[in-house]
Each structure stands twice: as structure tokens, then as C-alpha cells.
Amino acid sequence: MTAPCFARGYRRTAEYWRKAAAKLKAEASPRSKPLADKMAAMWEERAYQFDADADDIENASRMGASDEA
């Protein structure tokens with residue numbers, strides 16, 4: 001598998017986490033809103049990390065680094 005394929009997979013995973021966070025926040029009851037917001041923030045942070053990893057993979061592949069790193 002090549003670096004661009006891995007990067008696309010990481011971006012799809014990031015999008016999954018963003019959608020899950022948005023759904024959690026949208027479906028939260030008023031009573032559970034603080035907890036839902038806290039969990040959604042954690043999931044959005046995870047999505048950010050996946051996007052950052054995808055950027056790193058793409059940058060490394062452009063610089064000629066091995067796909068196996």
C-alpha cells in the first residue's frame with residue numbers, strides 16, 4: 001500500500017470522527033449536553049490528529065521517504 005492510500009484512509013477516519021462528534025452533540029439531551037460536548041471535543045481532537053498524521057504521511061512521501069516508515 002502506498003503513502004497516498006494511507007493518507008486517504010487517515011482522512012476518511014478523521015471525517016468519521018467529526019461526523020460522530022457532530023451527531024453526538026446534536027442528539028444530546030439538555031441534561032447530557034455538558035458530557036456530550038466534552039466527548040465531542042475529544043473526538044474532534046482525534047480527527048485533528050488523524051488529519052495531521054495524513055499530512056505527515058503525504059509530506060514524507062513527497063520528500064522521498066520510504067513508505068514503510
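What's counted below: heavy atoms across the whole structure, side chains too, no hydrogens, waters or symmetry copies.
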What is the distance from atom [atom1] of [X] to atom [atom2] of [Y], rounded to the nearest 0.5 Å?
X	Y	atom1	atom2	value
Arg18	Tyr48	CZ	OH	10.5 Å
Asp37	Met39	CG	CE	11.5 Å
Asp53	Glu58	CG	CD	11.5 Å
Phe6	Asp56	CZ	CG	14.5 Å

Minimal non-hydrogen separation, [X] against [Y], with atom names:
X	Y	value
Lys25	Ala36	CG-O, 4.3 Å
Ala14	Phe50	CB-CB, 3.8 Å
Trp17	Arg46	CH2-NH1, 3.1 Å
Pro30	Pro34	O-CD, 4.1 Å
Ser61	Ala3	CB-CB, 3.5 Å

Between Glu15 and Asp51, does a side-chain contact (heavy atoms from CB on, under 4.5 Å) hold up when you go through it step by step? CA-CA 9 Å; Glu15 187 59 30; Asp51 275 335; over 6 Å; no
